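Have a look at the structure below before the remarks.
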Amino acid sequence: MKITAVTATPIALPLVQPFRWRSGVQAGVNLVLFAVETDEGVTGYGESICEDPAAVVSYGRLMARAFVGRSPGEIEAILGGLWRDGRWRVVPRFSLQVLSGLESACWDALGKGLGVPASTFFGGRVHDEVDFMAFPQGDTAEELAREAAALAAGGHRVVYIKVGRAHRDDVEVVGAVRNAIGPEPLLRVDPNEGWDVPGAVDAIRRLEVFDLDWVEQPVAAGNIAGLARVRNSVETKIAADQAVHTTAELRAVLEQEAADAIVLGSHESGGLWRWRQMAYLAESYGIPMNRHACPESAISTFAALQVMGCLPNQTLGNQVMHHLLSEQLTTTPIEIVGGRAAVPTAPGLGFEIDRDAVERARERAERQGPY
């Protein structure tokens, strides 16, 4: 099986309700859908997250030159060729985001061509299902608490909320959510790099009364020494997220003992293969892996499930966000019951593309531009 062509389609999807976090409010999602076509008539699909779809499409078409003519399973060789080409190192994190959609589409095509789920290529499943977080949405403490209570009552074992938002009292918000969900569910908070080191220590100490499970990326991504200082100054566990997009960054966090958990996904690491390798690196240090989610469609969740099912060090409460979209791009649903979803066993990434939904999303992107 050889790749004969790669196409990139910019799409725009509205959210069910505004998504609020430290950096502001988001009304919709911009994505680029990559299709990898093969000489056996099999097409694989993957998506890249983005702010500017035009930039991702342009960059992706250049990257695609390294894929065409190769087998979709020759990922290590393709990646080696790409990174020897110095142009991709100029903006490495952007390159990884673009590459993620291309690379995931290859695994989808390979699995479909061989008639096996993509988990086959990542070591085989050690979990038949994956546990996902409850992610309540809202603007006020009351709204967040109400939705968190309903999700916890539905069986979610981990509740995750954003903190560090301007003009919001984190103590009020976290206290309301803890009171609403009761003492049993794990409660995680994420300020998205919003604090400096002393501010993080102070904020976490004030929030520890609500029995936090962990705080995700409290300080700037590049400040690994500061992350380690925060971890050594508080009782609550600390998770690294934006600090670990590359293998070198992850190794630095592990060597400096800066985190109790790693939050990472394919969009940050450059695809499913590197994410799987980085999970193994974390496991070798005895550190668990939690899947990071972005504003994305179910395509990304299907892809993530294929890897998560293969990770011995996978945590509870993995991140998921596709349900925040008003429409999906697959005809295959993801059933999350009591916070848990089965790892798909269908060939490839486990979904069928909804061509009508893709066309509507493409037309919306063309008509209105990026969100």
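A quick note: this is a predicted structure, and the numbers were derived from the prediction, not measured. Positions are given from 1 along the sequence.
- A salt bridge does not link E363 with R367: every distance from a Lys NZ or Arg NE/NH1/NH2 to an Asp or Glu carboxylate oxygen is 4.0 Å or more.
- Residues K237 and D260 approach most closely at CA-OD2, 3.3 Å, considering heavy atoms.
- No hydrogens or angles considered: nothing links the side chains of H322 and S300 as a donor-acceptor pair under 3.5 Å.
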Show, in sequence, the C-alpha distance, side-chain angles and deciding distance for K112 and D108, and conclude whether the salt bridge (Lys or Arg N to Asp or Glu O under 4.0 Å) test is met.
CA-CA 6 Å; K112 288 175 178 175; D108 190 37; 3.1 Å; yes

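- Side-chain atoms of N30 come within 3.5 Å of backbone N or O of Y371 as a donor-acceptor pair.
- In terms of modelled atom types and a separation under 3.5 Å, the side chain of N223 and the main chain of V219 share no donor-acceptor contact.
- Taking a cutoff of 4.0 Å between a charged side-chain nitrogen and a carboxylate oxygen, R362 and E359 qualify as a salt bridge.
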List the steps, then state whether salt bridge (Lys or Arg N to Asp or Glu O under 4.0 Å) holds for R146 with E142.
CA-CA 6 Å; R146 183 167 56 250; E142 293 76 14; over 6 Å; no

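- With a 6.0 Å radius and a threshold of 12 heavy atoms from other residues, nucleotides or ligands, E327 has its CD atom above the threshold.
- Minimum interatomic distance between P10 and A365 (heavy atoms only, all atoms of both residues): O-CB, 3.7 Å.
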Using the salt bridge (Lys or Arg N to Asp or Glu O under 4.0 Å) rule, take E143 and R20 through it: C-alpha gap first, then chi angles, then the decisive distance, then the call.
CA-CA 12 Å; E143 291 169 347; R20 295 176 170 86; 5.6 Å; no

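- Across all their heavy atoms, N313 and A279 have their closest contact at ND2-O, 3.1 Å.
- Remark: D202 engages R206 in a salt bridge, criterion side-chain N to carboxylate O under 4.0 Å.
- The number of heavy-atom neighbours closer than 6.0 Å to CD of E51, taken from other residues, nucleotides and ligands shown, is 12 or below.
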Quick one, K162 with D190, criterion salt bridge (Lys or Arg N to Asp or Glu O under 4.0 Å). Give me CA distance, side-chain angles, the key distance, then yes/no.
CA-CA 5 Å; K162 297 291 188 180; D190 181 11; 2.9 Å; yes

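- A342 and L305 make their closest contact through O-CD1, 4.0 Å (heavy atoms, listed as atom of the first residue, atom of the second, distance).
- Each of Q242, H292, H245, Q97 was evaluated against E268; a single residue qualifies, H292, per the side-chain hydrogen bond (donor to acceptor under 3.5 Å, both in side chains) test.
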Walk me through whether S297 and L31 qualify under side chain to side chain contact (heavy atoms under 4.5 Å, CB included).
CA-CA 8 Å; S297 84; L31 301 168; 4.1 Å; yes

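- Looking at E184 and R178, no side-chain N of the basic residue comes within less than 4.0 Å of a carboxylate O on the acidic one, giving no salt bridge.
- With 3.5 Å as the limit, one finds a donor-acceptor pair spanning the side chains of E208 and T236.
- Counting all heavy atoms, side chain and backbone alike, S48 lies closest to V56 at CB-CG1, 4.1 Å.
- Shortest non-hydrogen contact noted between G46 and S104 is CA-CB, 4.3 Å.
- Partners of T120 by side chain to side chain contact (heavy atoms under 4.5 Å, CB included), not counting sequence neighbours, listed by chain and number: V116, P117.
- Checking side-chain atoms of Q306 against main-chain N and O of S119 turns up a donor-acceptor pair under 3.5 Å.
- Between W107 and W273, the ring-plane angle classifies as tilted under the 30° and 60° cut-offs.
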Go through it in stages, so that I can follow the logic: the residues are S269 and R276, the test is side chain to side chain contact (heavy atoms under 4.5 Å, CB included), and I'd like the CA-CA distance, side-chain angles, deciding distance and then a yes or no.
CA-CA 9 Å; S269 55; R276 175 66 181 96; over 6 Å; no

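- Aromatic ring orientation, Y59 versus F94: tilted (interplanar angle from 30° to 60°).
- The existence of a salt bridge linking D170 and R165 is excluded, since no basic side-chain nitrogen approaches an acidic carboxylate oxygen closer than 4.0 Å.
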CA sep, side-chain torsions, deciding dist, call: I11, R364, side chain to side chain contact (heavy atoms under 4.5 Å, CB included):
CA-CA 7 Å; I11 58 178; R364 184 181 300 110; over 6 Å; no

